[in-house]
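Each residue takes its place number in the sequence, starting with 1. Note that these values count all heavy atoms, side chains included, but never hydrogens, waters or copies made by symmetry.
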Amino acid sequence: CSYNAVNGTPSCANGAFNNRVLRGNNFTTGFGLGDGMIVSDCSAISGFLPRSHNYSHDMPTAVRDGLHGGTDLNCGTTYQSALPQALAQGLVEQADVDRAVRRVLKQMVRVGNLDRVPPWSHLGVDDIDSTSHRALALDAARQGFVLLKNVNQTLPLTRPRAGVKLRVAVLGPHFNSSIELLANYYGENVVVNASTPLLGLQRRPEVDVVAAMAGCDLVNVSQPPDVSGVAAAAKRADVAVVFLGLHSTQGSQIPNGPGMEREGYDRTNLTLPGHQEAVVQAVHATGVPTVVVLINSGGIAAEWVYERVPAVLEAYYPGELGGDAIASVLLGDVSPSGRLTNTIYPAEFVLQRNITDMNLRPHNGIPGVTYRFYDREPLFPFGYGRHYTTFAFSWSTGDAALVRTVATVTLGEALPRWLAQGGQDNTPPIALPVKVKNTGSMISDVVVLCFAQKLGNATANIRTQLIGFDRIRNVSPGQEVDVVISPSPAALTVVDVDGTEAFVAGTYVFQCGGEPDGYAHGTLTITGETRVTFEMPLKAHDDSKQTTGAGL
């Protein structure tokens, strides 16, 4: 359970949800936790106290509210330090403790924690850092890269002529980053030290790295940039690749600053921090073809870069083989095929909304948040992603506009089946047959996205909703591939202001494909009576003995 509160009740104290809904055998979506344990996020129980949620007045009552709220295991010290007091004061009973302990021990038994010889005891470093795992790390990184811009086929990089190496200047504060490529919450990893962007490019036989330098410091932003140095370095090369972005090294000694993004620290703006823009401007001014690679997680409003630099690759934090993956994509071993997982807002967005404003929807002239509610023009929309080729999307049926009809009762019957089978359904209530054609000249993966919007849905005010997606691997030039997207029934529910979720009759418009290539369009009509799938419990705090549906 998380830190946040719903209708004033912290999630870890919400017995009505945790005990009656999450653990209930009659949960209408088909998922029931039963006797499974609920563990808090770290220090979430102490967050009940007056200094945070102001829900529990002291530590013993926080223990009571957590245990009665269905939280069995406390990541933190609240249960450990205050449980004896809560028992002594009669705030909890021994049966409350026994129930939580029993749930925790069951999970430990299930995973083998209490075995004399745990099932994983024979595993060593070679089982973790295996050849197949490295291949997976490389493939995962390459699949995640998003090509934001590529004017005049600047990418992929190619030799100036046969037999001549491509001279590359590797520049920017992330030019030789290693541990920074892992973001945060990572285990001990030394593999990444041999896969920096610089080393990844230096290993390529077709590349001659003629210069490499940062140009500015991402941490010490008071240090002036070396714009003359990066300009001189760029002039020695056929192409300059500039590595810019943020950093998110959790637990490091790096101080918080404008370039930091990590737990417990919020950025105050969306622009490139420090002197990075001055560095890329100096490189671009030389006239040498320039490519920017972004290393980051949260969106960056690098508006000058997006407008002026011919090629921009969003690499996120690409992991232990990030440098090799970046070099592989820049040089065209594979085409980038990722889609943006977030909306890239303009820099002014932070001036239009207060960070404490929890309204997702636009209100009082304030823009909404996320692709579902943002009602302005983004720099790049959610789901955007270019390739080194182009794709066309149509319906496999040959229809110009696909038409589908489904009843609310059919969706209601399909929802628990869908969830029980892990998002799979042999008899899906809706099937969207998409034909994908590679209309360019390079083999590439492509991710097909399907969005829907309910017409006349003023209450929800949702601009669009992702209802399904699929990745098609290795589509050759000229090849046509048929794929069926079967949207999750849950994606077609409507949630009202009270939190009631239901299938509601009405008309949806939907589209399948992806920007900037385009979409195939259609309409979906849902018929029948409203069918409720979930109702938010009215009583958030539940001090009952949890006797229903908990497998006790």
Side-chain angles (χ1 to χ4, degrees), residues 135-136 138-164 166 168 200-201 204-207 238-239 241 289 291-293 309-315 318 324-340 380-381 383-400 402 432-451 468-485 511-522:
L136 177 63
L138 181 67
D139 188 43
R142 296 193 300 197
Q143 285 190 42
F145 294 159
V146 180
L147 184 62
L148 297 178
K149 187 178 179 182
N150 193 25
V151 175
N152 296 328
Q153 296 182 318
T154 302
L155 293 176
L157 303 176
T158 57
R159 299 172 184 260
R161 56 186 181 277
V164 177
L166 178 71
V168 179
L201 286 166
R204 298 297 298 232
E206 67 269 56
V207 169
D238 299 311
V239 62
V241 183
V291 175
V292 163
V293 178
V309 175
V312 182
L313 181 70
E314 171 61 81
D324 290 333
I326 290 170
S328 176
V329 169
L330 291 179
L331 291 161
D333 293 347
V334 295
S335 168
S337 58
R339 301 281 191 188
L340 280 179
F380 294 98
Y384 186 92
R386 293 180 173 272
H387 311 78
Y388 291 157
T389 186
T390 54
F391 287 94
F393 304 97
S394 59
W395 301 117
S396 301
T397 59
D399 296 307
L402 192 68
L432 305 177
V434 183
K435 183 179 293 294
V436 181
K437 182 176 182 179
N438 185 336
T439 56
S441 58
M442 182 173 177
I443 190 172
S444 176
D445 288 6
V446 60
V447 176
V448 181
L449 306 177
C450 292
F451 296 91
F469 64 91
D470 200 1
R471 173 179 286 268
I472 307 174
R473 303 299 300 263
N474 301 320
V475 184
S476 299
Q479 183 182 4
E480 292 184 341
V481 178
D482 292 313
V483 60
V484 176
I485 306 293
Q511 55 186 16
C512 293
E515 291 192 60
D517 289 312
Y519 295 92
H521 299 270

Applying the side-chain contact (heavy atoms from CB on, under 4.5 Å) test to I472, which of D445, V447, V446 qualifies?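 Option passing the side-chain contact (heavy atoms from CB on, under 4.5 Å) with I472: V446.
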Would you mind telling me which of V146, V448, L449 makes a side-chain contact (heavy atoms from CB on, under 4.5 Å) with R339?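 Going through the options one by one, the only one that passes is L449.
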How long is the straight-line distance from [atom2] of [Y] back to [atom1] of [X], given to the nearest 0.5 Å?
{"X": "T439", "Y": "E480", "atom1": "OG1", "atom2": "CD", "value": "10.5 Å"}
{"X": "L432", "Y": "C450", "atom1": "CG", "atom2": "SG", "value": "5.0 Å"}
{"X": "L138", "Y": "Q143", "atom1": "CG", "atom2": "CD", "value": "10.5 Å"}
{"X": "F393", "Y": "K435", "atom1": "CZ", "atom2": "NZ", "value": "13.0 Å"}
{"X": "S328", "Y": "R204", "atom1": "OG", "atom2": "CZ", "value": "6.0 Å"}
{"X": "Y384", "Y": "D517", "atom1": "OH", "atom2": "CG", "value": "9.0 Å"}

Could you tell me how the ring of H387 sits relative to the ring of F391: parallel (under 30°), tilted (30 to 60°) or perpendicular (over 60°)?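 Geometry flag for F391 against H387: perpendicular rings.
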For the side chain of N438 and the backbone of G440, is there at least one donor-acceptor N/O pair under 3.5 Å apart?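 Checked: pair present.
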Give a yes or no answer on whether the side chain of D238 reaches the backbone of L166 with a donor-acceptor pair at less than 3.5 Å.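 No, the answer is negative, given that no donor and acceptor are paired below the 3.5 Å cut-off.
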Under 4.5 Å between any side-chain heavy atoms of [X] and [Y], yes or no?
{"X": "L330", "Y": "V168", "value": "no"}
{"X": "P433", "Y": "L402", "value": "yes"}
{"X": "V241", "Y": "I326", "value": "no"}
{"X": "F145", "Y": "P318", "value": "yes"}
{"X": "R386", "Y": "P516", "value": "yes"}
{"X": "P156", "Y": "L331", "value": "no"}

Which heavy-atom pair separates [X] from [Y] by the least distance, and what is that distance?
{"X": "K437", "Y": "G478", "answer": "CE-O, 4.0 Å"}
{"X": "C512", "Y": "V434", "answer": "CB-CG2, 3.8 Å"}
{"X": "F380", "Y": "L148", "answer": "CE2-O, 3.5 Å"}
{"X": "L340", "Y": "P381", "answer": "CD1-O, 3.5 Å"}
{"X": "S337", "Y": "S444", "answer": "CB-OG, 4.4 Å"}
{"X": "A520", "Y": "S394", "answer": "CB-CA, 3.8 Å"}

Side chain to side chain contact (heavy atoms under 4.5 Å, CB included) between V291 and V309, intermediate numbers included: CA-CA 7 Å; V291 175; V309 175; 5.8 Å; no
Go through it in stages, so that I can follow the logic: the residues are V329 and L155, the test is side chain to side chain contact (heavy atoms under 4.5 Å, CB included), and I'd like the CA-CA distance, side-chain angles, deciding distance and then a yes or no. CA-CA 9 Å; V329 169; L155 293 176; over 6 Å; no
OH (Y519) with more than 12 external heavy atoms under 6.0 Å: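 It does: Y519 OH has more than 12 such atoms within range.
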Looking at Q153, I'd like to know if its CD atom is crowded, meaning that more than 12 non-hydrogen atoms belonging to other residues, nucleotides or ligands lie closer than 6.0 Å.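 Atom CD in Q153 is not packed in, count stays at 12 or less.
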Between V164 and R159, is a side chain to side chain contact (heavy atoms under 4.5 Å, CB included) present by the stated rule, with each step listed? CA-CA 6 Å; V164 177; R159 299 172 184 260; 5.6 Å; no
